[in-house]
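Notes follow the structure.
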Amino acid sequence: DVKVTQSSRYLVKRTGEKVFLECVQDMDHENMFWYRQDPGLGLRLIYFSYDVKMKEKGDIPEGYSVSREKKERFSLILESASTNQTSMYLCASSLFARGVYNEQFFGPGTRLTVL
Amino acid sequence: SQQGEEDPQALSIQEGENATMNCSYKTSINNLQWYRQNSGRGLVHLILIRSNEREKHSGRLRVTLDTSKKSSSLLITASRAADTASYFCATDPIQGAQKLVFGQGTRLTINP
């Protein structure tokens, strides 16, 4: 089975702290994604990566950065956490074949609270 | 407005009944996917239907796709309490966004 793991299920940080969210997948997928999910707003794409050291901005990249040094690992970084970044963060991975996106496999999510 | 909009936003039915959820989208797509999310968890892929397919089945799930109307439906037959979850459609647009675009979901509650 495909497995996508996230470093923490719950995280509490203080305003201004630098926060790292880690995501690891074990299926050799090219593509990895970071979303945030908020009530009434659905899933919004923050960043995605289609290869090692490659990254693309999603819909809401402001206040975030990412790192993909190895194929299996995709990190989301909050440079200076703010209260409006309190949210559920979901990581996903997928294959990209013949110009189409296939199913995405999601991690369990990290519920981040910024105080 | 957002590509991939589910309808209704919430649905409550009795166990054993069928549940139907709809998804509308705006641009041409390669495929459309349905996902389930149990409360506080990640999303789980249910089924993918390609743009040249009209209907697909997987167990108690039946998905239809009407590209002329830019709409899809997900039918869950003989619902069970364990089907209680949020259901999302996601589209893979042919042009423009190189990403899946998710709707805001339908919250399904199965009452025992």
Side-chain angles (χ1 to χ4, degrees), chain A residues 1-6 8-10 21 23 25 27 29-51 54-61 87-112, chain B residues 1-10 21 23-25 27-53 56 58 61 63 65 67 85-107:
Chain A
D1 281 350
V2 175
K3 196 164 185 182
V4 179
T5 57
Q6 295 183 230
S8 306
R9 287 297 317 278
Y10 300 94
L21 302 182
C23 176
Q25 52 95 2
M27 280 300 291
H29 285 167
E30 295 89 357
N31 301 303
M32 296 188 75
F33 308 84
W34 275 107
Y35 297 89
R36 63 177 283 176
Q37 184 178 26
D38 301 286
L41 297 176
L43 270 75
R44 293 181 292 168
L45 182 65
I46 305 172
Y47 268 97
F48 65 102
S49 169
Y50 51 87
D51 202 353
M54 306 301 286
K55 61 185 179 184
E56 292 284 341
K57 292 181 180 178
D59 299 317
I60 50 164
S87 186
M88 169 72 100
Y89 290 88
L90 294 165
C91 175
S93 72
S94 77
L95 288 170
F96 182 70
R98 298 187 301 278
V100 299
Y101 280 92
N102 294 287
E103 61 181 295
Q104 292 191 6
F105 295 86
F106 282 81
T110 295
R111 187 165 294 281
L112 173 67
Chain B
S1 57
Q2 187 174 356
Q3 170 105 328
E5 296 183 0
E6 289 90 343
D7 169 57
Q9 291 187 346
M21 289 158 273
C23 171
S24 60
Y25 58 92
T27 63
S28 297
I29 59 172
N30 291 307
N31 64 62
L32 185 144
Q33 304 175 30
W34 284 93
Y35 290 80
R36 183 188 74 228
Q37 183 181 35
N38 291 93
S39 182
R41 310 292 296 187
L43 279 70
V44 175
H45 182 264
L46 294 176
I47 198 163
L48 180 153
I49 186 165
R50 303 192 189 283
S51 60
N52 60 354
E53 296 176 312
K56 205 161 183 180
S58 176
L61 306 180
V63 169
L65 178 65
T67 53
S86 292
Y87 291 82
F88 295 85
C89 70
T91 53
D92 175 17
I94 289 177
Q95 292 181 338
Q98 295 176 2
K99 59 185 181 180
L100 286 184
V101 181
F102 286 84
Q104 295 191 12
T106 292
R107 176 69 192 167

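These numbers come from the heavy atoms of this one structure, side chains and all, not from hydrogens, waters or symmetry mates. A, B, ... follow the sequence lines: proteins, then strands. Residue 1 opens every chain.
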Exercise. Parallel under 30°, tilted from 30 to 60°, perpendicular over 60°: which one fits the rings of F48(A) and Y50(A)?
Worked result: tilted
Seminar exercise, completed: Turns out that what part of Q37(B) lies under 4.5 Å from chain A's heavy atoms comes down to side chain
Exercise. Using non-hydrogen atoms only, which part of Q37(A) is less than 4.5 Å away from chain B: side chain, backbone, both, or neither?
Worked result: side chain
Exercise. Residues in side-chain contact (heavy atoms from CB on, under 4.5 Å) with R111(A), at least two apart?
Worked result: Y10(A), M88(A)
Exercise. Does the ring centre of F102(B) sit less than 6.0 Å away from the ring centre of Y35(B)?
Worked result: yes
Problem set entry | Non-neighbouring partners of D7(B) that pass side-chain contact (heavy atoms from CB on, under 4.5 Å), sequence neighbours left out | N22(B)
For this session: Can you tell which part of R9(A) gets under 4.5 Å to a heavy atom of chain B, answering side chain, backbone, both or neither?
Result: side chain
